[in-house]
Each structure stands twice: as C-alpha cells, then as structure tokens.
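Take a look at the structure set out below.
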Amino acid sequence: MEKLKTNELSLGLNQTLRNDLVDNFDKIQKGVDGQADGLNKQILDILGKVSPQDQNEVTQARIDANGKPYDTLKGREDATQVTAETALSEERDTSVEVQNARTNSSSETYPSLKDRMDNQENDLNNSINDKLSQISVVPETFANFTTLQSKYPTGKTGLFVTADTGHKYIWTNNTWTDAGVYQGVGIADRSVKYEAVDYINFESIKDNYINDSKTKSWFTKNQAIVADHLINFRGEQNKDTGFMVHVTMRAPLKDNETLYLNFDYVTDRTGDATKNQSSVYLMDDSGNFLNGKTINLASLNETSDSKHVQVKLKNNMYGISIPTSFNILFASQSDYNLTINRLTLNKSNYTYEFKEQLGILNTDNFKNHPVDLTKYTKWNIVKDKVTILSNGSLLFTRTASDGDSGITFDVESDVSSDIYVTTNIVCENYSVWLMDTTNKLIGSLTQHNILKKFGDVTVHKITSEQLKFYALTNNTLRILVSVHGKNNLVINEISVSNQAGVGYNKNSMNQLIENDGYRAQNYIGQQTQKISTLSNASYAGLMYGGYKRTSRIDGLIKEISAYVPSSGSYKFAVANLDQYGLIVNKTDFTLNLVAGLNRLDVETNNIQIKENQLLLMDLSEAGVFTPDENGIFEPTILQDINHSVNQDGHGGNQLFDADKIVPFSYSVIDKTNLSKISEISKDVGILNDGLAEIIPLKNRLLISAPNGTKYKLVVDNSGVLSTISSVPNKVLIIGNSLTLEKGNIGMAASDGNHDYYQLVKNYILSANPNATVAERTSFSVWEMAENTANRDTLFNERIKPLLATDTDMVIVQLGDNVNTDARHATFANDVNKLVKNIRSVSPKATIIWVGSWFISYPTLMQEIKTAVENNGGLLADITKNSKDTAYQSYTGATRMGLDGVSFQVTSQGEASHPGDLGHKYIAEEIISNFDF
C-alpha cells in the first residue's frame with residue numbers, strides 16, 4: 001500500500017508521543033504490505049504462467065472460439081443460445097424433408113432414401129435398354145414422307161429416311177419431324193436440280209494453287225493492288241522491294257510431277273527494253289528464301305507490251321524441295337509500276353480461266369435458267385387447249401380463226417444487267433412479248449430484240465438500259481408467247497438468264513464454240529463501278545480523254561462501261577495519235593447513256609477498231625475523277641484547251657499524260673470467223689492478181705565476177721544493160737527529224753552513235769572502207785509542201801545538187817509529216833515523181849525508201865510502196881514496231897548532240913520518236929535490203 005505520511009505531524013506534540021506515533025505508523029505500514037504480498041503470492045500460485053494482461057477471467061470469457069469479442073459475458077451467452085436453437089430447428093426441418101423424400105410419386109414409401117434412389121436407377125436403366133432394343137442401327141427407308149405417314153400414323157421409335165429427299169424423320173411430341181439430310185446419304189448422280197444451285201460463276205472456277213487475294217508486301221509499305229486477278233505494284237527507287245502471293249497445295253509435289261508457273265506482265269517504264277529490274281523468287285511462309293536458295297526464276301524486262309512468262313518447277317530442281325505452302329516473290333529494284341496478269345500455278349499448264357476453256361468442257365449437266373413449262377398461265381384463252389407432251393414440251397392448240405391468245409411465264413432475273421430470252425419454238429405465226437406482272441405489254445421481243453437465230457432457236461436480248469427505260473425494277477418478269485389466228489404452237493424450251501444460251505448448254509454453247517471458235521478479247525481501262533465515290537477533278541476546257549494503252553486486236557468494240565452524271569447523248573471516237581499527241585484518223589459515234597453506270601454491249605453496232613488505235617470519249621460533260629488510295633494502274637491521257645502544240649506544221653490541242661481516272665472502260669473483240677473469211681477472200685483475190693506477174697527478188701539480179709565480187713545487173717529506160725557493185729561507193733541519206741534534228745543527230749536517239757544514220761553508215765564502211773557517205777541531210781520541207789510544183793522546186797534546189805551520176809545508193813526517209821489533207825492531196829503523185837527525179841540524176845543508184853514511223857493516213861504506205869516498186873526501188877517498212885513504246889524514247893531521257901551538249905526529252909511528241917532501240921530497228925530494216 002502507499003506509504004503513510006509521518007513527516008507532517010505537528011511539532012507541538014510531545015516528543016515521546018511523536019515517537020510512538022511514528023512507531024505505530026511503521027507497524028501498520030508493514031502489516032498491510034505483508035498482507036498484500038501474501039495475496040499476490042496466492043494469485044500467482046493459482047494462475048501459474050498466464051501473462052498479466054490475460055489474467056482477467058471475465059475479459060477472457062467475453063471472447064468466443066472464433067475470436068469474436070462481445071461487450072458483455074451475457075451477450076455471448078445469448079448469442080450461443082440463438083445459434084443452438086437455429087441448428088435445432090434446421091435439424092427438425094431436414095428430418096422432415098428426408099422422411100418426405102422416401103416416398104415416390106406413386107405414394108410408395110421406402111425404408112430409406114438410398115433404397116428409393118437405387119430402385120429408381122434400376123427402373124431408368126431398364127427403360128433405356130428397352131428403347132435401345134427397339135432402335136435399329138440401319139434406318140428404315142420409305143419412298144417418300146406420305147408412305148412413312150401411312151405406315152406409322154401414330155409414330156414409332158427409331159430413325160426413318162425418305163428416298164426422294166434423303167431426309168431423316170423422327171417421332172417427337174406426337175408428330176413426325178423432319179431432322180434434315182441423313183448423314184449417310186450422298187449426292188446421287190443427276191440428283192442435283194438447278195433449283196438447288198444459286199448460280200455457277202465461271203469467273204471463280206480456277207485451276208490454280210495461287211490465291212492472289214493473299215498478297216503481302218516485302219520490305220516496303222507500298223501495297224499491291226489486286227483487282228479482278230490483276231496485280232499492280234509500284235516499287236521504290238534504289239531499293240529492293242516487292243510483293244508475295246501465297247501458294248497452297250493439297251498434297252506434296254511428287255518427284256514425277258511438274259508445276260507450271262505462268263503469267264503475263266507489263267511495266268509503265270520502257271526506256272530500255274533490255275534492262276532487268278524485276279525478278280521472281282520462291283519464299284517460305286516466313287518470308288525467307290525457300291531452303292535458303294536465292295534462285296531467280298525469271299527476269300522481267302521493261303516493256304509496255306504484255307509479255308508471257310512460263311517457269312517449270314520440280315522437286316530438287318535448283319536444290320529446292322517444294323513444300324505444300326509457300327510464297328512467290330515478285331521483287332522490283334526501281335520505282336515503276338509492274339502489272340501481273342493471268343497468274344497461275346498448276347500441274348495442268350492451263351493458263352486460261354475456266355470460262356475460256358469451255359471449248360473442251362462437257363456441259364451436259366449445266367442449265368441456264370430454263371423456264372418450267374408446266375408453270376404456265378393462260379392469257380386471253382377461252383377454248384384453246386394446252387398440253388404438256390411426254391418429252392416435256394408444251395403444245396398450245398388455238399382454234400379461233402382470228403384474234404390473239406397465248407401463254408405467260410413468270411421468271412426471276414437480275415434486271416440490273418442485260419437479260420437474254422432464248423426460245424426454241426415451232427410455230428408459223430407467233431410472237432414473244434415482255435410484260436410486267438400486271439399483264440401490261442411492254443415491248444415485242446420478236447420485232448426489236450432478236451440477237452441471233454439458230455434454226456428454231458432465237459436469242460432475244462434486253463439491255464439493262466432498256467429495262468431502266470421500261471422502269472422495271474422488280475426482278476420478276478413475265479414472258480408472253482402469243483399466237484395469232486388458228487395455229488399450233490410447240491414450245492420446246494424457254495430460258496431467261498443474264499448469260500446468253502439456251503437452258504441446256506450442251507445444245508448451244510459447245511456448238512457455238514465449235515462452229516465459231518474462241519474469239520480473243522482485249523480489255524482496256526480501269527473499273528468504273530466505284531467512280532461515284534470519287535471526287536471530280538477540274539480541268540478548264542476539257543475535251544477528249546481515254547487510256548494510253550491501244551488495242552492489240554484488229555476487231556470490234558465489244559463492250560463499253562461508262563459512268564455519266566446525267567442522261568443524254570455522249571460522243572466517242574476511235575482514233576490514232578500522231579507523234580505530237582494530236583488526234584488523227586478519227587471516227588466518231590454517239591451512245592445514249594442514262595445517269596449513273598452504263599454497261600453496253602455494242603458489238604452489233606459494228607464499231608471497228610484497228611490494232612494500235614484507241615477509243616476516246618468526249619469528257620466535257622462526263623468529267624474526270626481524282627483517284628482514291630488505290631491509285632491508277634491504267635495510265636490515262638486527256639485533252640484540254642491549255643495543252644497545245646504548234647511545231648513543224650503540226651498544230652492543235654494535244655493529249656497529255658494525266659493522273660486522273662476517266663469514267664469509262666471498254667473491250668475489243670476479235671472479228672467473227674465469217675468476217676475473217678470474207679476478208680481472206682478479198683486478200684486471196686489480191687494475191688491472185690499479184691501472182692500474175694513475176695517479180696525478181698527485190699527487183700534485182702546479182703552476178704559474180706571470177707574473183708567472187710558481186711555485181712548488180714541493171715537496165716536503163718532505153719534497155720541498155722550495165723553492172724554496178726553490190727557494195728556502194730557513194731551514198732546519200734536524206735530524211736526528216738529522225739535523220740537530222742537538235743544536236744545534229746536523229747530524234748530521239750541518245751547520241752550521234754546510236755541513231756539509224758550512224759548505224760547504217762558504220763555498216764557500209766565496214767564493207768567498203770573507201771565508201772563516201774554524205775552528211776545527213778534534212779528534207780522535211782518536202783513533206784510539208786502542199787503541191788507538186790513546190791516539191792519539184794525543193795528537189796531542184798536542195799537535193800539535185802547533192803546527187804551525181806556515180807551516186808550508187810540513195811536512202812530516203814520521208815512521209816511522217818504528211819499529216820494534213822493539203823499535204824496529202826498530191827502526195828501519191830509527188831512521191832512517185834521524187835523517185836523518178838532521183839533516178840534521172842543517178843540512174844545506177846539503189847534507192848531505198850524508209851517509211852514510216854508516223855502514219856496519219858491509212859493509204860500512205862501503199863502510196864509509197866507503189867511509187868518505189870514502179871521505179872525499181874526498195875522499201876524498208878518500219879511500221880511494225882513504231883507504236884511499241886519499247887522502241888520509243890520517254891519523257892526525261894537524256895540526249896547528247898554531236899557538239900557534246902546534253903539535253904532532255906521534255907515533250908510527249910519528242911518521246912514518241914524512236915529511242916536507241918527504235919533507231920537500231922530502223923537500221924536493221926534498211927540493212928536487210930543490202931546485198932552485202
């Protein structure tokens with residue numbers, strides 16, 4: 001206890017009393033402290049080692065076994081009592097639930113829940129086994145569903161299949177249910193009816209392991225553009241870039257098998273046709289060279305003409321094992337467009353698409369939307385009789401002597417495209433009509449829409465434009481076959497389709513191909529379907545426009561697709577371009593177009609287009625468009641008021657290269673065999689006339705001296721024979737800009753060593769080092785003269801002084817600038833006179849006329865040829881490759897004159913002149929006329 005205070009006793013107390021009090025306080029203090037120590041010892045003996053903070057028993061009792069504390073001990077006891085009462089209640093409920101579960105739905109009570117469940121499991125197993133014993137592994141079959149219903153009207157357990165449909169039926173919910181096609185039933189021969197096939201798209205059927213839709217870029221961000229299996233890719237300057245197409249084969253290539261890789265390609269750069277700037281490699285699926293081999297399968301040179309490439313692949317060829325999945329890489333080393341077409345990889349070596357192989361196709365199982373003749377409706381029929389014959393034909397017997405009646409058929413067809421109605425009908429007086437579904441007559445197909453007739457088969461064509469005009473937007477059409485007066489009509493077949501041909505192609509397509517052959521087609525242009533989504537491009541005074549690529553077929557315009565902003569008449573023209581990009585030899589025609597996209601089959605319009613000609617459209621109303629992110633892969637040319645030329649007598653608005661999309665495309669088709677036969681007959685007549693005369697080879701006879709020197713035997717107009725050496729000694733070469741132009745070289749050679757003049761001169765000097773070849777002479781003023789008198793004057797003033805009696809070779813390169821009616825008016829006479837004038841001054845000269853790189857009049861070459869042959873001259877015809885851009889120069893090409901000054905080709909007119917390859921070609925044609 002706290003120590004008692006003794007130091008505060010009053011000092012006034014007796015000392016003895018004070019001492020006694022202190023002693024007593026001390027005793028009391030000790031006594032109390034002793035009792036406290038004893039009590040503490042007893043507590044410690046009882047509690048043992050319990051820590052002091054846990055030694056309060058009541059405090060400990062307030063905490064339950066889960067460590068949850070309560071405010072009071074009573075609170076904990078109350079909670080314990082509630083828990084116990086709840087558990088007791090739940091136990092009572094569970095006991096009742098278990099007792100109830102021992103009794104089943106039939107009020108049968110089992111000793112325990114386990115007994116009931118065991119019994120129930122046994123009953124279920126017995127029931128399942130009983131059902132399974134009733135089911136046969138082999139389904140029961142019936143002819144049709146009616147037979148099944150008749151035998152088991154109240155159902156039966158099992159699986160049942162009807163033979164007519166191949167469907168399986170099961171009895172469920174007290175009814176027969178169709179459960180779909182039975183998995184064990186295959187497709188029986190001739191069991192697939194045309195109604196079960198939506199359509200067969202010949203465009204999509206390919207013998208090809210290549211999926212050109214799966215193209216991947218290779219070391220570039222540039223994406224290959226794929227449209228209608230045409231792949232266009234632009235490379236990067238001074239970089240190796242490209243694109244890969246994926247190949248997937250169903251099975252590994254066997255050692256005795258060969259893969260054939262075929263494709264066509266063109267490039268938009270043609271400066272050097274010998275330059276290799278694209279290659280083809282095999283790559284694995286990871287984009288690495290296959291088996292680590294960098295084997296160049298093909299080298300693709302610059303060319304504007306479509307070139308074909310074929311590569312054969314076998315296992316272990318080049319040390320490469322061909323996997324079932326790999327890539328083909330087209331690698332480019334420069335920034336030009338490479339276009340790949342008709343890309344195939346297969347074992348058959350077929351390079352044509354399926355639609356082009358129809359000549360060898362068995363089409364017996366193909367149908368072309370034939371009309372079901374049994375689903376007819378009578379039109380204006382009172383007493384007339386309709387009978388379906390045993391062969392499927394429809395017989396309509398009309399007894400009335402006047403009036404009209406007939407049969408109608410409702411058909412489904414795509415009215416947004418051309419529709420072909422093909423009939424096989426036998427009757428003396430009938431007509432075919434197009435109706436709407438309200439029986440309103442729209443138009444007579446018999447009178448206005450016959451495309452072709454083959455015996456009793458007639459093909460009627462309704463264009464999409466006509467359907468728009470008729471305001472037919474519903475794909476359901478009604479065809480009426482009407483008969484006038486008393487008559488019998490037999491309908492063997494009617495088909496309505498977006499493809500020409502009768503309902504059963506075996507009766508038409510193969511026969512047509514066999515009789516008329518496959519006709520080559522040339523597709524030119526960029527697709528017009530998405531033009532409506534592009535932005536208009538503005539050009540002041542826009543005139544004609546079209547595609548730079550010309551026709552490669554001497555044939556007919558087959559189809560024109562055009563997008564126009566409004567309905568109306570639009571002008572087109574088939575034409576040539578001269579060396580300055582001016583339109584020449586133009587043939588105009590017009591087409592009526594509706595607003596939006598038009599697809600017109602114009603073959604029957606007989607619009608002829610010759611090889612190297614192009615189709616232009618007047619774009620003053622239609623406009624041009626800015627390309628989207630896919631860009632342009634078919635180069636275009638435009639004509640407007642801001643691009644003109646006035647050079648060397650050439651003047652007008654020229655067509656220039658453009659980076660815009662023109663709103664049309666077209667196709668050219670080869671002429672029919674009948675047309676070709678007619679033309680061949682004319683050629684045979686000309687040939688027969690020519691054979692009536694014997695013309696010595698190149699109008700000259702050669703004799704050899706004893707020492708082997710060859711001499712040419714010539715005769716003058718007086719009949720005097722003489723000889724001259726076959727190797728010339730004195731040569732004159734005259735011409736136009738191809739002979740002499742800026743830099744004193746021929747346009748558009750790279751320098752003076754690569755034009756035709758220098759190449760021919762070198763050849764002559766190699767045979768006769770002592771020969772004299774006069775300096776090149778320009779005589780283009782003679783071409784530009786417009787009458788005979790002026791041309792005679794020019795000869796006397798400029799050419800005659802350069803000739804001599806001993807001049808033994810004269811090469812004349814003229815005719816390209818005869819490009820106006822005034823210049824051409826007397827040309828046939830004047831060219832004949834020029835050759836005679838040369839012959840009069842140099843009677844022993846070999847005269848070689850070189851012509852022509854540019855031809856503005858179709859008769860020009862014949863006029864030159866006639867004049868040369870009539871005067872003992874020779875012709876070096878250079879027209880064959882003059883339109884091939886590989887033989888032309890190009891904008892930006894660098895040239896160097898004889899003075900060493902360099903300059904560039906800056907205009908399209910200059911670029912269309914021969915480049916180095918073109919001049920080499922001209923020289924070779926001239927040299928082919930030499931006898932040495």
Side-chain angles (χ1 to χ4, degrees), residues 696 698-703 705 709-736 738-740 744 746 755-783 791-815 830-851 864-865 867-876 878 922-923 925-932:
K698 296 182 180 179
N699 291 326
R700 60 191 184 271
L701 296 174
L702 298 178
I703 57 177
T709 302
K710 290 183 178 180
Y711 291 89
K712 185 161 54 175
L713 185 65
V714 296
V715 59
D716 61 18
N717 290 333
S718 62
V720 176
L721 289 172
S722 60
T723 60
I724 60 173
S725 172
S726 63
V727 181
N729 292 292
K730 195 172 185 178
V731 181
L732 174 66
I733 301 177
I734 62 175
N736 51 39
L738 274 69
T739 304
L740 177 61
N744 292 322
D755 61 13
Y756 89 85
Y757 169 87
Q758 190 63 45
L759 296 173
V760 171
K761 180 179 179 180
N762 292 344
Y763 185 90
I764 295 172
L765 294 178
S766 68
N768 181 10
N770 297 318
T772 300
V773 180
E775 292 298 322
R776 61 184 87 212
T777 301
S778 174
F779 199 41
S780 58
V781 290
W782 183 90
E783 297 174 303
R791 285 172 174 156
D792 285 345
T793 300
L794 289 169
F795 170 77
N796 291 325
E797 293 177 352
R798 298 199 180 188
I799 300 302
K800 188 174 181 179
L802 302 177
L803 295 170
T805 56
D806 61 347
T807 300
D808 50 9
M809 178 173 286
V810 179
I811 298 173
V812 182
Q813 180 268 309
L814 295 173
D830 298 345
V831 68
N832 184 70
K833 194 169 185 181
L834 178 59
V835 178
K836 283 186 175 181
N837 287 337
I838 295 173
R839 178 75 66 206
S840 66
V841 180
S842 305
K844 295 184 178 182
T846 298
I847 302 174
I848 302 175
W849 195 292
V850 184
I864 294 173
K865 182 178 181 182
V868 170
E869 290 179 348
N870 288 344
N871 293 280
L874 303 171
L875 177 64
I878 61 171
I922 295 172
E925 290 299 313
I926 295 172
I927 293 170
S928 68
N929 286 276
F930 293 170
D931 296 311
F932 56 93

Note to self: Using a 3.5 Å distance criterion without hydrogens, assess whether the side chain of N796 forms a donor-acceptor pair with backbone atoms of D792.
What the structure shows: yes

Item checked: Check: R791 side chain, E783 main-chain N or O, donor-acceptor pair, under 3.5 Å -> yes

Next item on the list: Considering non-hydrogen atoms only, spot the tightest contact between F930 and I764 and give its length.
Entry: CE1-CG1, 4.1 Å

Next item on the list: For residues 757-780, pull every pair meeting salt bridge (charged side-chain N to carboxylate O under 4.0 Å, His left out), keeping only residues two or more places apart or in separate chains.
Entry: D755-R776

Next item on the list: Look only at the side chain of R798 and the backbone of T793, and say whether a donor-acceptor pair between them is shorter than 3.5 Å.
Entry: no

Item checked: Nearest heavy atoms of I848 and A876, plus distance in Å -> CG2-CB, 4.2 Å

Next item on the list: Might you point out which heavy atoms bring T739 and Q813 nearest each other, and give the distance in Å?
Entry: OG1-OE1, 2.7 Å

Item checked: Side-chain H-bond candidate by donor/acceptor type, N770 with N729, under 3.5 Å -> no

Margin query: Measuring centre to centre across the rings, with the benzene-like ring taken for any Trp, is F932 within less than 6.0 Å of Y763?
Written below: yes

Note to self: Please give me the minimum heavy-atom distance between L738 and Y756, naming the atom from each residue.
What the structure shows: O-CE2, 3.5 Å

Check: Looking at T805 and P843, what are the two nearest heavy atoms and their distance?
Finding: O-CD, 4.2 Å

Note to self: Can a donor-acceptor pair be found, under 3.5 Å and without considering hydrogens, that links the side chain of W849 to the backbone of L814?
What the structure shows: yes

Margin query: Going by side-chain contact (heavy atoms from CB on, under 4.5 Å), name the residues that satisfy it together with T807, two or more places apart in sequence or in a different chain.
Written below: K730, L803, A804, V810, S842

Next item on the list: To the nearest 0.5 Å, tell me how far I922 CD1 sits from I927 CD1.
Entry: 12.0 Å

Margin query: I need the minimum non-hydrogen distance between V868 and L874, along with the two atoms involved.
Written below: CG1-N, 3.1 Å

